[in-house]
Amino acid sequence: MNKTLRAPVIAGNWKMNNTPAQTAGLIAQLKPLISSADSKIVVAVPFIDIPAALEAAKGSNIAIAAQNVHWEERGAFTGEVSAPMLKALGVPYVVVGHSERRQYFGETDVTVQKRVRAALNAGLTVILCVGEVLAERKLGITAEIVRAQTEIALAGVAAEELRRVIIAYEPVWAIGTGETATPEQANEVCAILRGLLARIYSKDAADRAVIQYGGSMNDANAAELLAQPDIDGGLIGGASLAAEKFAVIVNAAG
Ligand code: PEP
């Protein structure tokens, strides 16, 4: 697989942390530390922090993501935010299918598919999260699980739209636990996903697709994970909330 066809994408998932002012402050801290990075840098912030984040990141190499999106454009969906609303704010990226959404908020493969579709329709780029839980890994069905999650999420996504989909392989047992997949384990699953994309789309589309690893990536383990042939970046939770640590990860990606 030709890694030179893909620019790494390092995304921080700031989850339900920080007020608008704190978000702007963290971006201000981060900016000088990562200004010479070649990779794409994204931070996913709470909805309420998006305007402050966009303003703080202006003129920098940091792009802003939302952490979720609803599949309908408008209507009686109290508490939800639609893709055209995000687009109107100027948000280019959205995270869809994060395991915390699946675990705590009843997200299913089918609702993930609907959200992916809505985000792409609105012109957003999706960071699509897939990954197995520990019991599935122990049963030896990781490949089947991540293939099924990905295939369902991409149902109806055309080859030219795949350029606006980043896949984040995030083993659920490694998220927020301090337990990281080994570089070999992480690469193996990213390669399985690339193989799936080659089957659904084409080898060329698969070679160009950005596939991240996420799950307790930090300043100490990032370089080894990011050096793997099928890992094109990271989705980072905890370690992305400290500017210095996140900058080490960004700079490890080149
Ligand atoms: C995440 O939130 O996607 C994540 C990978 O979190 P952490 O890095 O804290 O495991």
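Numbering of ligands and ligand atoms starts at 1, following listing order.
Shown in contact with G176 at under 4.0 Å from a heavy atom are these atoms of ligand 1, numbered in order with element: 7 (P), 9 (O), 10 (O). Taking a cut-off of under 4.0 Å to the non-hydrogen atoms of L235, the atoms of ligand 1 that pass are 3 (O), 5 (C). Near G215, with a cut-off below 4.0 Å to any heavy atom, the atoms of ligand 1 are 5 (C), 10 (O).
In terms of protein heavy-atom proximity, atom 4 (C) of ligand 1 is nearest to G237 N, 3.5 Å. Given atom 9 (O) of ligand 1, the protein heavy atom at minimum distance is G238 N, 2.8 Å. Ranking protein heavy atoms by distance to atom 1 (C) of ligand 1, first place goes to H98 NE2, 3.2 Å. Here the heavy atom of the protein found nearest to atom 5 (C) of ligand 1 is E170 OE2, 3.1 Å.
Looking at V112 and L128, their side chains come closer than 4.5 Å, going by heavy atoms from C-beta outward. Here the side chains of K138 and E132 are not in contact, with every heavy-atom distance at 4.5 Å or above. Contact annotation: the side chain of V189 approaches that of R137 to within less than 4.5 Å [non-hydrogen atoms, C-beta and beyond]. A 4.5 Å side-chain heavy-atom check between C129 and V95 finds at least one atom pair inside the cut-off. Using a 4.5 Å cut-off on side-chain heavy atoms (C-beta onward), E107 and R115 make contact.
Residue E100 places no N or O, backbone or side chain, under 3.5 Å from any N or O of ligand 1. Remark: ligand 1 and A239 share no N or O pair separated by less than 3.5 Å (distance only, no angle test). Geometrically, ligand 1 and S216 share a nitrogen or oxygen pair separated by less than 3.5 Å.
Between R194 and D232, at least one side-chain nitrogen of the basic residue sits less than 4.0 Å from a carboxylate oxygen of the acidic one, meeting the salt-bridge criterion.
No more than 12 heavy atoms of other residues, nucleotides or ligands lie within 6.0 Å of CD in E73, so this atom counts as exposed by the packing criterion.
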Side-chain atoms of residues 238-249: list all donor-acceptor pairs with protein atoms under 3.5 Å, sequence neighbours left out, distances to 0.1 Å.
unit_1	atom_1	unit_2	atom_2	d
S240	OG	W14	NE1	3.2
S240	OG	I236	O	2.9
S240	OG	G237	O	2.7

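Contact between A174 and ligand 1 is present, with at least one heavy atom of the residue lying under 4.0 Å from the ligand.
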